[in-house]
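Values reported hereafter were calculated over all heavy atoms of this structure, with side chains retained and with hydrogens, waters and symmetry mates removed. Atoms within a ligand are numbered from 1 in the order they appear, just like the ligands themselves.
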Amino acid sequence: MSYLAFTFILLMISFKTPFMRCQNVSCNSTDLRALISFSNFIELGLDWSSSEPNCCTWTGVTCDNSTISSRRAVRLELGAKKLVGKLSESLADLDQLRILNLSHNLLQGYLPGKLFGLQKLEILDLSNNYFVGPIPGGSDLPLIRYVDISKNGFNGTLYATIFETSPHIQVLNLANNYFTGEVSASFVSCYYLQHLFLDGNDLTGNFPESLLQLRDLHTLNIQDNLFSGSLNEGISNLSNLVELDVSFNRFSGILPDVFESLGKLEHFSARSNMFYGHLPKSLVNSPSIITLDLSSNALSGIININCSAMLHLSSLSLGANQFFGPVPESISSCQRLSNLNLGRNNLSGEVPYAFKDLQALSSLSLSNASLVNISSALAILQHCKNLTSLFLGDNFHDEQMPRNMNLHFRNLKTLVIPHCGLRGQFPIWLGSSKMLQLLDISLNQMTGTIPSGFHEFKFLFYMDLSHNSFTGEIPVSLTELEGLIRKNVSEERPSLGFPLFKARNMYKQISSFRPTLDLSYNKLSGLIWPSFGNLKELHVLNLKDNHLSGNIPDSLSGMTNLEVLDLSQNELSGEIPLSLEELCFLSNFNVSNNQLHGEVPEKGQFPTFPCTSFIGNPGLTCGLVAYSPPAQTPPPPPPVVFPSDKMTIMGWPFVFGVPTGFVITVGFCFVNGWIFPRPEKRKVRVTRIGR
Ligand SMILES: *[C@@H]1O[C@H](CO)[C@@H](O)[C@H](O)[C@H]1NC(C)=O
Ligand SMILES: *[C@@H]1O[C@H](CO)[C@@H](O)[C@H](O)[C@H]1NC(C)=O
Ligand SMILES: *[C@@H]1O[C@H](CO)[C@@H](O)[C@H](O)[C@H]1NC(C)=O
Ligand SMILES: *[C@@H]1O[C@H](CO)[C@@H](O)[C@H](O)[C@H]1NC(C)=O
Ligand SMILES: *[C@@H]1O[C@H](CO)[C@@H](O)[C@H](O)[C@H]1NC(C)=O
Ligand SMILES: *[C@@H]1O[C@H](CO)[C@@H](O)[C@H](O)[C@H]1NC(C)=O
Ligand SMILES: *[C@@H]1O[C@H](CO)[C@@H](O)[C@H](O)[C@H]1NC(C)=O
Ligand SMILES: *[C@@H]1O[C@H](CO)[C@@H](O)[C@H](O)[C@H]1NC(C)=O
Ligand SMILES: *[C@@H]1O[C@H](CO)[C@@H](O)[C@H](O)[C@H]1NC(C)=O
Ligand SMILES: *[C@@H]1O[C@H](CO)[C@@H](O)[C@H](O)[C@H]1NC(C)=O
Ligand SMILES: *[C@@H]1O[C@H](CO)[C@@H](O)[C@H](O)[C@H]1NC(C)=O
Ligand SMILES: *[C@@H]1O[C@H](CO)[C@@H](O)[C@H](O)[C@H]1NC(C)=O
């Protein structure tokens, strides 16, 4: 038997070709024509060879298993292939198509109208392209289950009867386009819709009533639109909701007390609206909620979270409201709480002693909450062993920064305590916080020298000590920060459970801060160390308004990623080194009000800098023009006015890392082989909360 079988197999192998021939049914000629026409509209990225007539073998094309007549194309999957071009009307001739995936490409133009008439289509993914125009009207997709056209330039209204004939649709993602107008009743017929994303558009009107009929709805995201009115009590109908995001709209009124009916709700965000009134009882007793973000509203009353009921609460953000009373001690019983933001409320008093029990706590913001006693706050919070990010700015006014060497924050990665007018010296107890990545203690009144030993902070990449009264030299160890020397110093940036900033549509996380050393507005003296040139990964160096003297070292040209260099209002002498012409990303340069002389360099980025970058240097000339000496009294430094690129949200002033458009002088930098950064693609995208 085995011998026979063996012979049979041998035969099969040797006669492979004739055997295969029976299977070798080529692709249907209609499909072949449609695909060739499709490929004619794609300018780049497609490697189809039209000399191979069996289109079933082409990249991304899958045919059915028909062995009788010709094979039909049932899937066209060309996601993330860098395709450039437009869509041909002929796609609509692929009438057996079940899956069409052209996502993550560079395709543009209007969609062919007939595309939305493919009777067999189940999955349509056109997300992340540059398509424009309206969704074609009169859509007829009876079998469709999944539609993702997010992150394009689609516009027009959703009035049209889209998807009215699509009863099986489960996922509909229209996010991050330019849709306008009110949401029509047409969704009513999508009985099985489970995930609906309308976020990042310009939709208006009240909360869409038609959605309240969708009993299976699991995810509803209408974030970042222009919806207004109050949140309909009818949302209690949506008993299967797991995620509800209505943030960044214009909703107002009180939050409906319906959360008892939403027994599966895990993530609720109503951030940045105009809700007022107290926290609904059913919300603060919800056993299902994991993340709750109600920050930036006008909510008031006391914070009465019931930790005995909210057993899964892991992230709570109530910042920037009008809650009052003491910092609620009872929150310390929420054993799973990992992110807590109560900043910018009308709270008062000290950090409760019981907060030491928050053992899961990873990020805490109590900025601008009228707190007192920083010594006790730090002594308590050091017991939260998992704490990585701590924001306490705008509190403790005029208190003393503790010098208690028994403070240990071993896992701390971010410490932000600006704008407190704190006296005393640099917090040397931070010596045990070896994981530190970001430190901001600007806008205080600290004195004394900046300690040495920074080389031990392997991951530090952002330090703002500006607007204090530090004296002495810049510690050389600051030029040995590994996190600013090598790119591969990889320690995960802490991710906060609550967003730091909102620039339309964008939450800034720690990882998006530009590597920065800001020592401006202090009383530092001595030299700018040549070893600063080692800091290849530094993007912002601000030494403005100190008493630094000596030359600008040639070697600063080693900071090859530098975008901002501000050395103004010091006592620097000598010439501006020609080597600085090599700093290709430098877009903001200022050496005004020093004692420099010689000529201003003419190459590199220098022609793009305004005269004000050089004024107040009696000996400095630029071609024939001499920079005039400063007016008799130099403009007084603005002590508490934030520099223009600083922004205050939730009471944390930070340098705001939007690359202010790289001004790249083609000549010099191009010759040096720089690769140009790709410009930001359309709108900035949303990072969703709770992920
Ligand atoms: C069968 O398919 C193979 C590979 O796909 C191809 O090289 C061959 O020419 C086809 N034969 C016929 C008869 O179409
Ligand atoms: C073809 O048949 C195989 C085996 O029966 C099956 O796994 C595959 O999904 C089929 N392909 C299509 C496109 O129907
Ligand atoms: C190709 O498909 C079309 C449309 O379904 C059909 O009319 C035609 O007969 C098919 N061609 C072949 C060769 O099977
Ligand atoms: C479409 O293709 C992209 C890239 O290959 C992939 O990430 C995505 O999951 C696909 N979409 C669907 C719905 O499968
Ligand atoms: C939609 O976008 C297209 C292309 O950008 C534009 O021509 C058209 O005016 C827009 N329509 C609306 C209603 O905004
Ligand atoms: C809630 O569901 C009920 C029963 O299906 C329905 O009659 C009612 O209209 C729904 N409420 C809203 C506000 O849509
Ligand atoms: C807090 O929750 C527990 C458990 O659900 C409940 O027994 C208690 O009554 C609640 N307390 C308040 C003040 O609602
Ligand atoms: C803040 O709370 C205090 C008392 O706790 C009250 O006197 C004051 O009016 C409140 N301020 C605001 C702006 O609500
Ligand atoms: C503390 O953090 C670690 C690592 O992220 C985690 O495994 C642990 O569960 C956390 N502790 C608590 C009490 O949540
Ligand atoms: C701060 O708290 C500590 C410890 O609770 C206490 O000893 C100290 O007196 C407090 N300081 C002030 C200024 O209230
Ligand atoms: C980082 O890169 C340097 C040189 O490129 C290499 O010597 C070092 O081992 C790398 N470190 C890590 C942690 O990958
Ligand atoms: C602190 O909060 C108050 C309102 O509670 C606000 O007016 C003020 O601007 C905030 N301060 C900062 C620096 O954000």
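- Taking the charged nitrogens against the carboxylate oxygens, Lys81 and Asp47 have no contact shorter than 4.0 Å, which rules out a salt bridge.
- Of all atoms in ligand 4, listed by their number and element, those nearer than 4.0 Å to a heavy atom of Ser103 are 1 (C), 2 (O), 3 (C).
- Every atom of ligand 7 is numbered from 1 in the order shown, and the set under 4.0 Å from a heavy atom of Asn306 is 1 (C), 2 (O), 3 (C), 8 (C), 10 (C), 11 (N), 12 (C), 14 (O).
- In terms of heavy atoms, Phe116 sits closest to Leu124 at CZ-CD2, 3.9 Å.
- Nearest to atom 13 (C) of ligand 9 among the protein's heavy atoms is Gln359 O, 3.6 Å.
- Here the shortest heavy-atom pairing between Leu126 and Asn152 reads O-ND2, 3.0 Å.
- Classification of the Phe38-Trp48 ring pair by plane angle, with boundaries at 30° and 60°, yields tilted.
- With a 4.0 Å heavy-atom cut-off, ligand 7 is reached by the side chain of Asn285 but not by its N, CA, C or O.
- Of all atoms in ligand 9, listed by their number and element, those nearer than 4.0 Å to a heavy atom of Ala360 are 12 (C), 13 (C), 14 (O).
- Comparing heavy-atom distances from atom 11 (N) of ligand 9 across Leu361, Asn411, Asn386 singles out Asn386 as nearest.
- There is no side-chain donor-acceptor pair under 3.5 Å between Asn176 and Lys151.
- The presence of a protein heavy atom under 4.0 Å from atom 2 (O) of ligand 7 is confirmed.
- Note: Phe131 and Phe154 have parallel aromatic rings, judged against thresholds of 30 and 60 degrees for the angle between ring planes.
- A donor-acceptor pair under 3.5 Å is absent between the side-chain atoms of Asp125 and the main chain of Ser103, judged by distance alone.
- Note on Asp93 versus Arg33: no salt bridge recorded, every NZ/NE/NH1/NH2 to OD/OE distance being 4.0 Å or above.
- In terms of protein heavy atoms, atom 5 (O) of ligand 7 is closest to Ala309 CB, 3.7 Å.
- When only interatomic distances are considered, the shortest N/O to N/O separation between Asp125 and ligand 4 falls below 3.5 Å.
- The protein non-hydrogen atom at the shortest distance from atom 8 (C) of ligand 4 is Asn101 ND2, 3.8 Å.
- Listed by number with element, the atoms of ligand 4 under 4.0 Å from a non-hydrogen atom of Tyr146 are 13 (C).
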